[in-house]
S.K.: 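Okay, handing you the structure first.
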Number of protein chains: 2
Amino acid sequence: MASTTEENYLKALFNLSNSQGEVNLSELAHSLQVSLPTANSMVKSLQKSGWVNYEKYKPLLLTPAGQKEAALIIRKHRLTEMFLVKKMGFGWEEVHEIAEQVEHIHAPKFFQRMDEMMGFPTIDPHGSPIPDKLGRIQEIHYTPLSSCKPGQLVQLTALTNSSTEFLEFLNSRKLALGTELRILSREAYDSSVVVSYEGHMNETLSEKVSERLLVRALE
Amino acid sequence: MASTTEENYLKALFNLSNSQGEVNLSELAHSLQVSLPTANSMVKSLQKSGWVNYEKYKPLLLTPAGQKEAALIIRKHRLTEMFLVKKMGFGWEEVHEIAEQVEHIHAPKFFQRMDEMMGFPTIDPHGSPIPDKLGRIQEIHYTPLSSCKPGQLVQLTALTNSSTEFLEFLNSRKLALGTELRILSREAYDSSVVVSYEGHMNETLSEKVSERLLVRALE
DNA sequence: CAAATTTGTTAGAATGATCTAACTTGTTAC
DNA sequence: GTAACAAGTTAGATCATTCTAACAAATTTG
Ligand SMILES: [Mn+2]
Ligand SMILES: [Mn+2]
Ligand SMILES: [Mn+2]
Ligand SMILES: [Mn+2]
């Protein structure tokens, strides 16, 4: 059984993997805030457990077993975040840190009950999909707000970044998942986008913000 | 900050301490299922952190700081158990193992919300008191059923043992906290007690059982 | 009280997770 | 295509947590 440390490595590998499923050691080390040799030695040990394919100087690859293991931890993380928001009244900006700890609890019944109480949700409070019990993830392809056309009506459905600071920024502008946005214009110079939505007639969103907002076209 | 391991040692020391607050190393080692040298070395390290008073060959003593630390972990444990029963529908026999893990989560807001959602309970699902936010425990003195007199009407209010097996035994007899029991007789030979309660006219409880049931006299 | 038993201690080792320093391999930029 | 730089590896150490084996102190028992 994976230790808490190993589980955090698996999760990081999963989240960092590119289209070919590859991860660089430095990205892994940076993401977990450990030194390169630390990450290197842990990767070797994950290989011994059959979760990572590792060859000297080559990019890291999760094995299918490693992918499943990671997805099941991410499942616990996202179920927890949703439970904290839907059943315990937390804000979406408060739940990640707590879920980071709760995800390591070994108690299938606990997460099963959360799931049941919420009616088996498929997305977390930030719009990310919740892997199923077998570790399968439904891939969703949303459009970044930054690549939408003026005039379009869209609905905010997910985020590419869920840092507390970003979520607090969205709170301050009353932007939440489900908010319907009309794209009024786009500034060519700095790629900022002007939108209107309930209670906000002329809100300017910087490129940094609009590329982190994933939307679904409504019209 | 205490590690999970240290927290479990503090909790064990707290729970094992006798009327003078003393604990023997062997009891500690046995209770945590570690060897004597392991417990010995951990106790020395807890002393360095200021949580234990330790002198060679003397019984162990928690310092006031250690007592508070322990009580606050026990608070998280018992709040969690109550939350699992009251808000998530678990049986009292299912919650200890989960709480044993959840108690180590560092997220004051999380336990604060549990507390609020339950209306600030003062006992856990097994009748044990929940320490307050300052680590103070309200001492309650209940009577074991084994020392009650025939004829008495009493109410089951707590347990001295909360093992899954014992709780499942109580479930099988439909005995729960709050159950009112009439003591019909007591067998001098083996100290067993015969009681009646809703749906059970003549239930014989062995000494082993009746000394683990804590009651409050109703008449 | 002395022997037997229980309880506690020390020494020495292993494992997991981490670090810094030094080195090697791979990649990028003239 | 070499020099500079980035990325990855190895060596060697530390700290936490655990163990077994050997020994010492304290307690119980006849
Ligand atoms: Mn999260
Ligand atoms: Mn985590
Ligand atoms: Mn418990
Ligand atoms: Mn615990």
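Every chain is numbered from 1, with letters handed out A, B, ... down the list of sequences. Predicted, not measured: the structure shown is a model, and the values here were computed from it.
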S.K.: Near DNA chain C, under 4.0 Å by heavy atom, which residues of residues 5-20 of chain A?
M.R.: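 Nucleic-acid contacts, sorted: T5(A), Y9(A).
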
S.K.: Whole angstroms only, please: what is the NZ-P distance between K44(B) and dT17(D)?
M.R.: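 Distance check: K44(B) NZ to dT17(D) P gives 15 Å.
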
S.K.: Identify, with sequence neighbours excluded, every residue that meets ring pair (Phe, Tyr, Trp, His ring centres under 6.0 Å) alongside H126(B).
M.R.: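 Scan of H126(B) (ring pair (Phe, Tyr, Trp, His ring centres under 6.0 Å), adjacent residues dropped) gives none.
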
S.K.: Taking the side chain of T38(A) as heavy atoms from C-beta outward, which of dC19(D), dC19(C), dA17(C) is closest to it?
M.R.: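 Of dC19(D), dC19(C), dA17(C), dC19(C) is nearest to the side chain of T38(A).
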
S.K.: Could you give the CG-to-C1' distance, from L32(B) to dT17(D), as a whole number of Å?
M.R.: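 Atom CG in L32(B) sits about 12 Å away from atom C1' in dT17(D).
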
S.K.: When all nucleic acid strands are considered with a 4.0 Å heavy-atom cut-off, which category describes S45(B): base, sugar-phosphate, or nothing?
M.R.: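 Nothing: the residue S45(B), judged by heavy atoms under 4.0 Å, touches no strand.
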
S.K.: Between the side chains of E93(A) and N171(A), does any donor sit under 3.5 Å from an acceptor?
M.R.: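 E93(A) vs N171(A): donor-acceptor pair found between side chains.
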
S.K.: What are the two closest heavy atoms between L13(B) and L60(B), and how far apart are they?
M.R.: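 Closest approach of L13(B) to L60(B), heavy atoms only: CD2-CD1, 3.9 Å.
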
S.K.: If the plane angle is over 60° it's perpendicular, under 30° parallel, otherwise tilted; pick one for F90(B) and F110(A).
M.R.: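 Tilted: the ring planes of F90(B) and F110(A) meet at 30° to 60°.
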
S.K.: Looking at every non-hydrogen atom in both residues, tell me the closest pair between N8(A) and E103(A) and how far apart they are.
M.R.: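 Nearest heavy atoms, N8(A) then E103(A): OD1-OE2, 3.4 Å.
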
S.K.: Can you measure Q47(A) atom CD to dG16(C) atom P for me and round it to whole angstrom units?
M.R.: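 Going from CD in Q47(A) over to P in dG16(C) covers 15 Å.
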
S.K.: Considering non-hydrogen atoms only, spot the tightest contact between L134(A) and L72(A) and give its length.
M.R.: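 Closest heavy-atom pair between L134(A) and L72(A): C-CD2, 4.2 Å.
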
S.K.: Strictly below 4.0 Å: does S3(A) bring a side-chain N or O up to OP1 or OP2 of dG16(C)?
M.R.: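 No, no such contact exists.
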
S.K.: So, for M42(A) and T5(A), which heavy atoms are closest and what is the spacing to 0.1 Å?
M.R.: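 Distance-wise, the nearest heavy atoms are CE-CG2, 3.8 Å.
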
S.K.: Just compare dC19(C), dA21(D), dT18(D) and give me whichever is closest to any side-chain atom of S41(B).
M.R.: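 For S41(B), the side-chain atoms sit closest to dT18(D).
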
S.K.: Is R75(B) salt-bridged to D115(B), going by a charged N under 4.0 Å from an acidic O?
M.R.: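 Here R75(B) pairs with D115(B) in a salt bridge, since their nearest N and O are under 4.0 Å apart.
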
S.K.: Is a donor on one side and an acceptor on the other found under 3.5 Å between the side chain of E6(B) and the backbone of S3(B)?
M.R.: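 Yes, the answer is positive, given that a donor and an acceptor are paired below the 3.5 Å cut-off.
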
S.K.: Using a cutoff of under 3.5 Å, can you pull out all pairs of nitrogen or oxygen atoms linking the protein to nucleotides 6-8 of chain D, with atom names and distances?
M.R.:
residue: dG8(D); atom: OP2; partner: S26(A); partner atom: N; Å: 2.8
residue: dG8(D); atom: OP2; partner: S26(A); partner atom: OG; Å: 2.2

S.K.: With a cut-off of less than 4.0 Å, is there a side-chain N or O of S35(B) near OP1 or OP2 of dT20(D)?
M.R.: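 For dT20(D), OP1/OP2 do not have a side-chain N/O of S35(B) under 4.0 Å.
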
